[in-house]
Protein chains: 2
Amino acid sequence: MEAVTIKDIARALNLSTSTVSRALRGSYEINPETKRLVMEYAERMNYRPNPIALSLKENRSRAIGVIVPQIANHFFSQAINGIEAIAYNRGYHVIIFQSHESYEREVVTVQQSVSRKVDGLLISLSSQTTNVAHLKDLEEKGFPLVQFDRVSSELDIPKIIADNYQGAFEATEHLLQTGRRRIAHLTIPPWMSITQERLAGYKDALAKYNVPFDEDLVRYCGFGDDAVGPMVDELLALTPAPDAFFTASDRLALGCLAALRKRNVAIPETVSLIGFTNLNVADLLSPSMSTVVQPAMEIGQLAAERLIELIERKQKAAPPNTVKIPARLVVRESSIRE
Amino acid sequence: MEAVTIKDIARALNLSTSTVSRALRGSYEINPETKRLVMEYAERMNYRPNPIALSLKENRSRAIGVIVPQIANHFFSQAINGIEAIAYNRGYHVIIFQSHESYEREVVTVQQSVSRKVDGLLISLSSQTTNVAHLKDLEEKGFPLVQFDRVSSELDIPKIIADNYQGAFEATEHLLQTGRRRIAHLTIPPWMSITQERLAGYKDALAKYNVPFDEDLVRYCGFGDDAVGPMVDELLALTPAPDAFFTASDRLALGCLAALRKRNVAIPETVSLIGFTNLNVADLLSPSMSTVVQPAMEIGQLAAERLIELIERKQKAAPPNTVKIPARLVVRESSIRE
DNA sequence: TTGTATGCGTTATCAC
DNA sequence: GTGATAACGCATACAA
C-alpha cells in the first residue's frame, strides 16, 4: 500500500529525484558511489517504479488487448496461452476482452480497449461481424492491430491464421480416399473467413476426385441456435444419404456425434466423421472420429510477436501480411471401403 | 493516436482546463451555457478521459488481477468468464496471470501483478503451493485479496469455493447406493484444500454406510506426471479389485476412462465411474460416467463481487469469510446391483 | 556529477 | 462562475 517512490529515496539520501532516477536506471555519467548508495537503498526498501506514472510519461501502457469471441473455448484459451507466453516475455500485459459472438459488443469492446490505452490490439472477429468499420478506423490511424483466426480481408493488416484451406482439403481428401462420396459439410456462418477457406478446400478436394459438389450437402449453423441435431436429420434424409460428415468446429462435431449416436448411425461403418476441433478428448469421445487440429498456441504466439513488432516499430523487412500455419490432420479410422 | 485532451478543449474554447474539467464531470456551479459548449465540443471531438492520468491521480488502476494455474482448463476459463462479467459491469478490467501450476511462478506473478498496480487480486493456488508467505504479506498490508477454489486456510481473507465436501459425499453415496463397496479414489496432491475437502466427503460417506476406509484405494496424482494409467492398473490389481472409481478432476476422469477402455473394463457393468469434472462433453464421452459439476462461473462471479466490495471498502455487514457453493451431482447411470 | 524545472492528463484547492 | 496552481511518480533538457 505504502509504495516507496523515487522521492522517498531522494529525501532519505539527501539527493535530488533526478539523481536517484538516473542512478536507478544505470545512467552513464553518475558517481559510482552515489549509484551504489541509491541502488542499495532502493533494494532495501523494495522500490518498484510506478508503471502508471511511466505510462503517463511515455504515453504507452505496456499492455496489449486481446479480443476474442469467447474465452471458454478450447481454441481461444489455447491461443491466449500462446499470446501470454510471448507478451509476458516481452514485458507486456495481456488484457482479455470477450465479444461473446456479438457484433455490438465487439464494437464497444474495441472502443473500450483503445480508450483504456492498450498499446495494441489482437482480435478474432465475432461470428456476427460483417462490417469492420470499427477496425478500419484504427487501421487508418496506424494503431497497432493484428487479426488472428477469424479475419477480414477488408483490413490491410497482419493476419495470423491456420491453413484452413489445406486442412479442409486434406480432411475431405482423406474421406474420399477411404471411399466416401457423399460428404456432408456442417459448418458455421458463410460470411466468416474460416468458413470460406474451409469450404474452398472441401470443394477443391471434391473436384480433384471428380465428385460433383452438391449444395444440399452443405449446412450453415449459427452460434446461437442448437440446430445441429435437426440438420443432421435433414442430411440423413437426403437421397442418397451422406456417407460422411465433415464438421467445422468442436461444437458441430459434438452435436453431430450426439445426433448420430442418438440415431444409432454407426461410425465409421455407416458414416465417417471428421471435424475441425481442438478438443483434447477427441480420441476418447469417438475413437473413429478423425480431426483437423488447429495450431492454436502457435497462432497466438505469432500474433503476439507480430503485434509487438508493430508496436515497437521494428518493421525490418516487413514480414508478409498473412501468415498461415498448417492445421494438422489426425486420422483415427482406417475403414477403407473399396 | 492523437487523443484529444482537456487541454485541447480548453484551448479551443478559450477556457481554463479546470473549467473544462468541471463542465465535463457535470460539476454543480458552472454556467449552463459554458457547460453545454464544452460538452458539445467534447462530444464532437470524441473526447475520452485518459485513464492512466486518472489512475496516477487517484492512485488506483481500476484493474483487478486474476491468478490461476492454467487458463486452458474448463473450470478456470469458466470462472474467468464469471469474473469478467462482474468486473466489467463494475468498471474494472481483468488482467489474467497464469502460475502454470508452479509455486515459483506464482510468487513472481503475485509480485508482478501488485507492482503493476492492480487494485486487488483474485487467486487460486497452484498445485505446488504449500507456503503462502507471499500472500500473507499482502494480507497484512490490507491489500484486497480474495481466494477461490484452491485456497489456504492460513490466510484470513475471503474464500469462494465449491462445496467439495458435499459433492464428494454425494458422489460416494451415490456409488454406495448403487451397490458399490470398493470405491477407489483417484485424486490430486494431498496438501491441496480441495483434495482434503473431497477426501473428507468420501470418508464420511463410507462411514455412513459402514464401509471401512481403505488407504490403499486412495491414490494421489500430481499435475506433471501422466501416471494415471499405471495407477489404475495398480488399483485394478488389488484384491478385491475396486468396483468403482471416484476421480477428482477432468484430467483424472479422462485418464481413468482411457485406462479402463484400454483394458476393456466395462462401465458400469464392472466398475462405476464418477468424477469431479466440468467437461461439457461428459455424456458423450461416457454415457455412464456420472459427474460432480463445479459451479465455476458462480464462483468467479462471487469472488469478483467480493473483491470489488473489498476494494471499495463497502464492508457493510462483512459477509462470511468463506462462501461455499453447491457442486451439482449429475447422475448418468442407474445400474443398481443389489 | 548533480540539481532545477518542466511536462505527461487530470482534478482539487484556493483565489478572484 | 472561472482561472491559476499544485500534485500524482517519473524522466529528461537544461543549468550549474
Side-chain angles (χ1 to χ4, degrees), chain A residues 1-43 45-63 91 112 114-119, chain B residues 1-43 45-63 91 112 114-119:
Chain A
M1 304 272 69
E2 20 61 78
V4 39
T5 76
I6 265 189
K7 206 181 282 185
D8 298 327
I9 302 183
R11 200 179 310 122
L13 265 45
N14 251 320
L15 291 170
S16 76
T17 58
S18 36
T19 305
V20 175
S21 173
R22 279 181 289 233
L24 249 21
R25 60 186 30 258
S27 177
Y28 41 124
E29 315 248 1
I30 203 141
N31 188 321
E33 178 59 12
T34 310
K35 188 165 173 178
R36 195 184 55 72
L37 224 61
V38 171
M39 293 296 248
E40 266 178 13
Y41 188 79
E43 173 69 20
M45 300 301 281
N46 195 28
Y47 167 79
R48 292 281 175 278
N50 182 328
I52 295 181
L54 279 177
S55 290
L56 183 59
K57 182 139 222 353
E58 300 174 0
N59 198 30
R60 54 132 80 182
S61 60
R62 287 201 164 277
Q112 276 198 344
V114 171
S115 53
R116 276 287 183 169
K117 297 278 176 193
V118 293
D119 289 343
Chain B
M1 303 274 68
E2 19 61 79
V4 38
T5 75
I6 267 189
K7 206 179 282 184
D8 298 326
I9 301 182
R11 201 178 308 121
L13 264 44
N14 250 319
L15 290 170
S16 75
T17 56
S18 22
T19 305
V20 175
S21 172
R22 278 182 290 232
L24 249 22
R25 61 185 28 257
S27 176
Y28 43 121
E29 314 243 2
I30 202 142
N31 189 322
E33 179 58 13
T34 312
K35 189 166 171 175
R36 194 185 54 72
L37 225 61
V38 171
M39 292 296 248
E40 266 178 14
Y41 188 79
E43 174 70 18
M45 300 302 282
N46 196 26
Y47 167 78
R48 292 278 176 279
N50 182 326
I52 295 180
L54 280 177
S55 290
L56 182 60
K57 186 137 216 4
E58 300 174 0
N59 197 30
R60 54 130 90 185
S61 59
R62 286 200 163 277
Q112 276 197 343
V114 171
S115 52
R116 275 285 182 171
K117 297 278 176 193
V118 293
D119 289 342

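None of the values given here were measured: they were computed from a predicted structure. Chain identifiers are assigned alphabetically (A, B, ...) following the order of the sequence lines, protein sequences preceding nucleic acid strands; residue numbering begins at 1 within each chain.
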(request) Measure the distance from CD on Glu33(A) to P on dT1(C) and round it to the nearest whole Å. (result) 13 Å

(message) Please report the interatomic distance CG(Asn50(A)) to CG(Leu56(B)), rounded to the nearest 0.5 Å.
(response) 6.5 Å

Using a cut-off of under 3.5 Å, enumerate the N/O to N/O pairs linking the protein to nucleotides 2-5 of chain C.
| residue | atom | partner | partner atom | Å |
| --- | --- | --- | --- | --- |
| dT2(C) | OP1 | Thr34(A) | OG1 | 2.6 |
| dT2(C) | OP2 | Asn31(A) | N | 2.9 |
| dT2(C) | OP2 | Thr34(A) | OG1 | 3.3 |
| dG3(C) | OP2 | Ser16(A) | N | 3.1 |
| dG3(C) | OP2 | Ser16(A) | OG | 3.2 |
| dG3(C) | OP2 | Thr19(A) | OG1 | 2.4 |
| dG3(C) | N7 | Arg22(A) | NH2 | 2.7 |
| dG3(C) | O6 | Arg22(A) | NH1 | 2.8 |
| dG3(C) | O6 | Arg22(A) | NH2 | 3.3 |
| dT4(C) | O4 | Ser18(A) | OG | 3.0 |

(message) Taking side-chain contact (heavy atoms from CB on, under 4.5 Å) as the definition, give me every residue that meets it alongside Lys7(A), ordered by chain and number, with sequence neighbours left out.
(response) Thr5(A), Arg11(A), Thr17(A)

(request) Not counting sequence neighbours, which residues clear side-chain hydrogen bond (donor to acceptor under 3.5 Å, both in side chains) with Ser55(B)? List them please. (result) none

(request) Five pairs at each end of the helix from dT1(C)-dA16(D) to dC16(C)-dG1(D): take the axis at both ends and give me the angle between them to 10°. (result) 60°

(message) Nearest 0.5 angstrom please: Leu24(B) CG to Glu43(B) CD, how far?
(response) 10.5 Å

(request) Starting at atom CG of Leu56(A), determine the distance to atom C1' of dA7(D), rounded to an integer number of angstrom. (result) 12 Å

(request) Take the protein atom CD of Glu58(A) and the nucleotide atom P of dG9(C), then report the distance between them rounded to whole Å. (result) 13 Å

(message) Under 4.0 Å, heavy atom to any atom of DNA chain D: which of residues 4-13 of chain A qualify?
(response) Thr5(A), Ile6(A), Lys7(A)

(request) Provide, to the nearest angstrom, the distance between the CG atom belonging to Asn59(A) and the C1' atom belonging to dT12(D). (result) 16 Å

(request) Can you sort out the partners of Glu58(A) under side-chain contact (heavy atoms from CB on, under 4.5 Å), two or more places apart, ordered by chain and number? (result) Leu54(A), Arg60(A)

(request) List in chain and number order the residues that pass side-chain hydrogen bond (donor to acceptor under 3.5 Å, both in side chains) with Asp119(B), two or more places apart in sequence or in another chain; answer none if no residue qualifies. (result) Ser61(B)

(request) Send over the distance from Leu54(B) CG to dC8(D) P, rounded to a whole Å. (result) 16 Å

(request) Kindly write out the residues that satisfy side-chain hydrogen bond (donor to acceptor under 3.5 Å, both in side chains) with Arg116(B), not counting sequence neighbours, or none if the list is empty. (result) His93(A)

(request) Give the rounded distance in Å between these two atoms: CZ of Arg62(A) and C1' of dG9(D). (result) 17 Å

(message) The criterion is side-chain contact (heavy atoms from CB on, under 4.5 Å); which residues satisfy it with Ser115(B), sequence neighbours excluded?
(response) Arg48(A)

(request) With sequence neighbours excluded, tell me which residues meet side-chain hydrogen bond (donor to acceptor under 3.5 Å, both in side chains) with Ser18(A). (result) Ser16(A)

(request) Using whole Å, report how far NZ of Lys57(A) lies from C1' of dG9(D). (result) 10 Å

(request) Starting at atom CD1 of Ile52(A), determine the distance to atom C1' of dC8(C), rounded to an integer number of angstrom. (result) 14 Å

(request) Supply the atom-to-atom distance Leu15(B) CG to Ser21(B) OG, rounded to the nearest 0.5 angstrom. (result) 12.0 Å

(request) Apply side-chain contact (heavy atoms from CB on, under 4.5 Å) to Glu33(A) and list each qualifying residue two or more places apart in sequence or on a separate chain. (result) Asn31(A), Arg36(A), Leu37(A)

